[in-house]
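Below: the structure, in structure tokens.
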Amino acid sequence: MQKAPCDGMSVKSVPPAEGRVWGDEDEVVSVAVQYAWQRLRQDPDPVAGARPAADLAEAAGSTVTAPGIGAAAALGLFDRVLAPATRAQNGPTNLAYIPAAPTRAALAFEAVTGAANIFAGTWEAGAGAIHAENEALAWLTRLLGWPATAAGCFVSGGTMGNLSALVAARAAAAERPRPAGGWKIVCADSAHSSIRSAARAMDVEVVTAPVDRHGHLTGAAVNAVLDATDGVFAVAATAGTTNAGLVDELDTIADACERHGVWLHVDGAYGGAGLAAASVRHRYTGIERADSFIVDPHKWLFAPYDCCALLYRDPAPARAAHSQSAHYLDAIDRDAHNPSDLALHLSRRARGLPFWFSLAVHGTDRYATAVERTLTTSRQVADAVRASDHLRLVAEPELSVVLFERPGWSAQDYAAWSARAARTGATLCVPTRWNGRTVLRMAFVNPDTRADEVIEVLHTLGGLVRPGPPPAADAR
Ligand SMILES: *Cc1c(COP(=O)(O)O)cnc(C)c1O
């Protein structure tokens, strides 16, 4: 077991110095910072996972007490009990859901950002940090092919980004009279669950447009729905569906939105990172005409949690929708770039800074290389599946998600294999559903994932067919 950096250190509970409630916190600071330093240098990340709540409560004991337990006990507890009950998302063989692969530079700067305690809601309070965040956003703006007048901010995640963008879209539409049947959003069934969640929060209806046979939302489908439906204020297209990594047909969808004067929001929470990769950039054609866009740098852009970049091609409607007013806020300079004015939030930390720092340190070329490398890895794995005689690719991968099946396997077979692979530490790879069938899904976001290691794991999918009931005599 790793030695806690506070082991052997006596951290006295300091009686409050005269007039100071917290006493002298120097020692606490040094213990916590040393711990962070050690953790940042731990590579690979420790393999760990959740424990049942009751089990964990017993192991942790009572932690929030009237006299306080002190730094040594609190940090020791984190090191020995709490942290081992959290899964580090960064392992190169973690291919489940959307894993994470932050650069060490970004992780280290997360600690720096925390230390600086910046209020990054308003320019007045957070100008320096906001300038840097805007530099990172400007890189994304260039990748989108948007004008330099585009603007945005960082929010917690794709869910909040989608909600904020759709609220801005509705506010822009609300210059027209409210339609008799209420406001509506058009998206495909493959859109992320957060689009429906935003619609519920906004009390608007979701109208589903069908996808083509490959799974893309197309302009033709959107156009047909827009022709037949009143009150649509936004179309939400996806650039990289979470389940299959498919990019909707953005160019023709943009045509349909333009024709009907409807806001186009592109959800690139996972797949937006592909804009940086020359080999797939053509799939995003049309995105330059979107009105709003999100990407989660904590997914495929090597930033730590939690970080979503939200961008508006024209930020004016977003400002009109999101600026909060209150007497105590009257002094805020509304002509300045205030991130608070662009999303559903007011207080915010400068959560874009770790992303900015890593981009500044490594350069955008290295980012393009890193995204390309994960694409190459997923293509190599897809090729191995294609070449295998016991596996079948169920969809042609467009980005870095690979869906495949083991013909003849049931949902239980997949679950048993997945649980065993997780237990042995071979890989974290969980089943999903595709066209009504249970299949396996691998999502690649880590440039250090090695295709040969993953392909090795694929071999273990060979011999696990459970013995079925013996064939009936007359069937022989
Ligand atoms: C992950 C994801 C979201 C939600 O993002 P969070 O950061 O988890 O809130 C939204 N849309 C897509 C396409 C996603 O992949």
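Atoms within a ligand are numbered from 1 in the order they appear, just like the ligands themselves. Just so you know, residue 1 is the first one in the sequence shown, and it goes up from there.
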Modelled atom types, side-chain donor and acceptor of Arg348 and Ser340, under 3.5 Å = no
Met160 touching ligand 1 at heavy-atom level, < 4.0 angstrom = no
task = Hey, can you tell me if Tyr414 and Trp409 have their rings parallel, tilted or perpendicular (30° and 60° cut-offs)?
result = perpendicular
inquiry  = Return the closest protein heavy atom for atom 2 (C) of ligand 1 as residue, atom name and distance.
reply    = Lys299 NZ, 2.3 Å
message = For atom 6 (P) of ligand 1, what is the closest protein heavy atom, and at what distance to 0.1 Å?
response = Gly158 N, 3.2 Å
remark   = A student checking ligand 1 against Thr242 at a 4.0 Å heavy-atom cut-off should list atoms 12 (C), 13 (C), 14 (C), 15 (O)
inquiry  = Which of the numbered atoms in ligand 1 are under 4.0 angstrom from any heavy atom belonging to Tyr270?
reply    = 15 (O)
query = Using a distance-only test with no angle check, is there a side-chain donor-acceptor pair under 3.5 angstrom linking Tyr367 and Ser358?
reply = yes
key: Any Arg433 side-chain heavy atom under 4.5 Å of Thr438 side chain   = yes
message = Quick check: Ser156 and ligand 1, any N/O pair under 3.5 Å apart?
response = no
key: Close-contact set for ligand 1 against Ser194 heavy atoms, below 4.0 Å   = 10 (C)
ask   = Okay, side chain of Arg51, backbone of Thr86: is any donor-acceptor separation there less than 3.5 Å?
value = no
message = Set out, in order, the CA-CA distance, both residues' side-chain angles and the distance that settles ring-ring contact (aromatic ring centres under 6.0 Å, His included) for Tyr270 and Trp300, then state yes or no.
response = CA-CA 6 Å; Tyr270 146 69; Trp300 194 12; 5.1 Å; yes
query = By number and element, which atoms of ligand 1 are closer than 4.0 Å to a non-hydrogen atom of Ala269?
reply = 2 (C), 3 (C), 10 (C), 11 (N), 12 (C), 14 (C)
message = Strictly distance-based, threshold 3.5 Å: is any side-chain N or O of Asp55 a donor or acceptor partner for the main-chain N or O of Ala57?
response = no
key: N/O donor-acceptor pair under 3.5 Å between Arg441 side chain and Asn243 backbone   = yes
query = Relative to the heavy atoms of His298, which atoms of ligand 1 are at a distance of less than 4.0 Å?
reply = 7 (O)
request  = Would you mind checking which non-hydrogen protein atom is closest to atom 4 (C) of ligand 1, with the distance to 0.1 Å?
outcome  = His192 CE1, 3.3 Å
ask   = Using heavy atoms and a threshold below 4.0 Å, how should the contact between Asp296 and ligand 1 be classified: side chain, backbone, both, or neither?
value = side chain
task = Work out whether the distance between some heavy atom of Ile98 and some atom of ligand 1 is less than 4.0 Å.
result = no
Atom 11 (N) of ligand 1 - nearest protein heavy atom and its distance = Asp267 OD2, 2.6 Å
query = Between the side chains of His214 and Glu396, does any donor sit under 3.5 Å from an acceptor?
reply = no
